[in-house]
Enquirer: 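Okay, here's the structure, questions in a sec.
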Amino acid sequence: KNSTNATQYRERKVLQNKLKKLEEQVEKGQLKLSELAHTLADASLYETAQQKKLQQLLNEQDKLQIAITAAEEDWMETMNCLELMEAGRS
């Protein structure tokens, strides 16, 4: 019984740590996205001479949005696992 409790404790701790890391990833990604939106608000980026830079920034924005969505989905899945583990414990 004690080893089962210890194992469950470790598993919960792993999930809790994963949640924390995912939350940090989402926060950092959203901060970068916000900074990028500020950069993209610069009207000079939309001049013909800046098209390459604009395209790079838009590509970066797409990648960030995909990464944030993936981290949020992983967070939801991990939270669900943790809740199921907690429910099974009671």
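The basis for the numbers below is simple: all heavy atoms, side chains too, and nothing from hydrogens, waters or symmetry mates.
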Enquirer: Could you tell me which residues satisfy side-chain contact (heavy atoms from CB on, under 4.5 Å) with Q61, sequence neighbours excluded, listed by chain and number?
Expert: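 Expected list: L33, L36, L40, L58, Q65.
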
Enquirer: What residues, two or more places apart in sequence or in another chain, satisfy side-chain contact (heavy atoms from CB on, under 4.5 Å) together with E73?
Expert: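 side-chain contact (heavy atoms from CB on, under 4.5 Å) check on E73 returns T69.
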
Enquirer: Name all residues meeting the side chain to side chain donor-acceptor pair (under 3.5 Å) criterion together with Q55; count only those two or more places apart in sequence or in a different chain, and write none if there are none.
Expert: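 Per chain and number, Q55 pairs via side chain to side chain donor-acceptor pair (under 3.5 Å) with N59.
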
Enquirer: Mind checking whether L15 and L84 sit in one hydrophobic cluster, side chains of I, L, V, M, F, W, Y counted as touching below 4.5 Å?
Expert: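 No; tracing contacts between hydrophobic side chains, which count when under 4.5 Å, never links both residues.
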
Enquirer: Work out which heavy atom in Q25 is nearest to a heavy atom in A71; give both atom names and the distance.
Expert: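 Looks like OE1-CB, 3.8 Å.
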
Enquirer: Is the backbone N or O of Q30 less than 3.5 Å from a side-chain atom of S34, with the two atoms forming a donor-acceptor pair by type?
Expert: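 Checked: no pair found.
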
Enquirer: Drop me the distance from Y9's OH to Q16's CD, to the nearest 0.5 angstrom.
Expert: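 Answer for the OH-CD pair, Y9 versus Q16, is 7.5 Å.
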
Enquirer: Answer yes if L22 and M85 sit in the same cluster of Ile, Leu, Val, Met, Phe, Trp and Tyr residues linked by side chain heavy atoms under 4.5 Å apart, and no otherwise.
Expert: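 Linked, L22 and M85 end up in one cluster.
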
Enquirer: Apply salt bridge (Lys or Arg N to Asp or Glu O under 4.0 Å) to D42 and list each qualifying residue two or more places apart in sequence or on a separate chain.
Expert: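 D42: no salt bridge (Lys or Arg N to Asp or Glu O under 4.0 Å) contacts found.
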
Enquirer: Kindly write out the residues that satisfy side-chain contact (heavy atoms from CB on, under 4.5 Å) with E27, not counting sequence neighbours, or none if the list is empty.
Expert: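 E27 satisfies side-chain contact (heavy atoms from CB on, under 4.5 Å) with no residue once adjacent residues are dropped.
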
Enquirer: Determine, using the 4.5 Å side-chain heavy-atom cutoff (strictly less than), whether L82 and V26 are members of one ILVMFWY cluster.
Expert: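 Per the 4.5 Å side-chain linkage, L82 and V26 are not co-clustered.
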
Enquirer: Can you pull the salt bridge (charged side-chain N to carboxylate O under 4.0 Å, His left out) pairs that have at least one residue in residues 8-24, sequence neighbours excluded?
Expert: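 Only R12-E86, K18-D74 qualify under salt bridge (charged side-chain N to carboxylate O under 4.0 Å, His left out).
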
Enquirer: Might you point out which heavy atoms bring L45 and Q50 nearest each other, and give the distance in Å?
Expert: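 Reported closest heavy-atom pair: O-CB, 3.3 Å.
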
Enquirer: Could you go through Q8 and N5, starting from their C-alpha distance and side-chain angles, then the distance that decides it, and tell me whether this counts as side chain to side chain contact (heavy atoms under 4.5 Å, CB included)?
Expert: CA-CA 5 Å; Q8 288 175 342; N5 287 344; 3.9 Å; yes

Enquirer: Rounded to the nearest 0.5 Å, what separation is found between the CD atom of E60 and the OG1 atom of T39?
Expert: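 Result: 8.5 Å between the selected atoms.
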
